[in-house]
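Right, one structure below, let's go through it.
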Amino acid sequence: AQKVTQTQTSISVVEKTTVTMDCVYETRDSSYFLFWYKQTASGEIVFLIRQDSYKKENATVGHYSLNFQKPKSSIGLIITATQIEDSAVYFCAMRGANSGTYQRFGTGTKLQVVP
Amino acid sequence: EAAVTQSPRNKVAVTGGKVTLSCNQTNNHNNMYWYRQDTGHGLRLIHYSYGAGSTEKGDIPDGYKASRPSQENFSLILELATPSQTSVYFCASGDRPGTGGGDERLFFGHGTKLSVL
């Protein structure tokens with residue numbers, strides 16, 4: 001079975017600092033794909049960044065980056081220089097290359113960025 | 001940018017009634033998905049489709065049916081709605097995922113808030 005776990009329910013950080021959101025996953029597939037999505041207060045869900053398990057380099061897009069620790073089955077999302085508009089719920093998702101035909105999501109982490 | 005449109009945005013239904021949630025996508029994606037979002041559960045997959053005429057069960061299909069009459073449209077049907085189906089429903093579309101991991105990011109609609117009384 002494939003499972004994604006986000007244990008941090010909510011996080012509050014001060015603007016312009018760096019935050020890391022945790023995500024651990026379970027899969028029997030040797031190859032898999034990991035994703036992060038952002039849900040804004042309006043409810044809109046957008047894709048942010050992705051990591052393929054066979055790639056050793058951590059993915060980076062703008063001020064989002066990933067901390068991929070394969071031995072720990074962990075994929076943390078790092079947001080540097082946080083802004084007020086980064087306040088949102090962040091979802092981690094995974095799809096196994098062989099047994100996964102769709103993305104499974106974690107329960108989400110609510111991030112609040114305060115001035 | 002891919003566009004996924006859901007209707008209605010809000011719906012109040014009575015227990016035992018039939019509810020149909022509609023989704024339309026204009027990006028010609030093969031795959032479409034219905035997720036529901038509940039506090040403490042995140043997004044859970046109900047049904048998905050590989051293309052017109054196909055529907056597949058996700059992780060929580062009980063009490064739901066799906067219909068994919070065309071590439072663009074994917075509906076979620078609650079034949080006999082129950083209060084436990086009160087939730088926010090999201091439709092998403094994406095390219096068919098492969099073992100090579102192509103562009104399979106999902107594009108979501110804005111959600112339908114369903115209340116079953």
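Reminder, nothing fancy here: chain letters follow the sequence lines and each chain counts from 1. The structure displayed is predicted, hence computed values, not measured ones.
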Could you tell me whether a side-chain N or O of A:H63 sits under 3.5 Å from a main-chain N or O of A:T80, the two making a donor and an acceptor? yes
State whether the side chain of B:Q25 and the backbone N or O of B:N27 hold a donor-acceptor pair below 3.5 Å, judged by distance alone.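 Side chain of B:Q25 to backbone of B:N27, a donor-acceptor pair under 3.5 Å: yes, one is there.
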Under 4.5 Å from any heavy atom of chain B - which part of A:Q39: side chain
Considering only heavy atoms, which portion of A:T9 lies under 4.5 Å from any heavy atom of chain B: side chain, backbone, both, or neither?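 A:T9 has no heavy atom closer than 4.5 Å to chain B.
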Partners of A:E26 by side-chain contact (heavy atoms from CB on, under 4.5 Å), sequence neighbours excluded?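 A:E26 satisfies side-chain contact (heavy atoms from CB on, under 4.5 Å) with A:K3 only.
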What pair of heavy atoms forms the shortest contact from A:V114 to A:S12, and how long is it? CG1-OG, 4.0 Å
Tell me, please, which residues at least two apart from A:F68 pass ring-ring contact (aromatic ring centres under 6.0 Å, His included). none
Exercise: do B:S87 and B:D38 side chains pair donor with acceptor under 3.5 Å: yes
Test: ring pair (Phe, Tyr, Trp, His ring centres under 6.0 Å). Region: residues 72-115 of chain A. Which pairs qualify, not counting sequence neighbours? A:Y37-A:F105, A:Y102-B:Y48, A:F105-B:Y35
Which residues in residues 54-81 of chain B have any heavy atom closer than 4.5 Å to a heavy atom of chain A?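 The list, in residue order, reads B:G58, B:D59.
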Do you know which of A:R104, A:Q103, A:E44 has the most heavy-atom pairs under 4.5 Å to chain B?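 Option with the greatest count: A:Q103.
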Using the six-membered ring wherever Trp is involved, compare the ring planes of B:F108 and B:F90 and label them parallel, tilted or perpendicular (cut-offs 30° and 60°). perpendicular
Is it the side chain or the backbone of B:L106 that comes within 4.5 Å of chain A heavy atoms, both, or neither? both
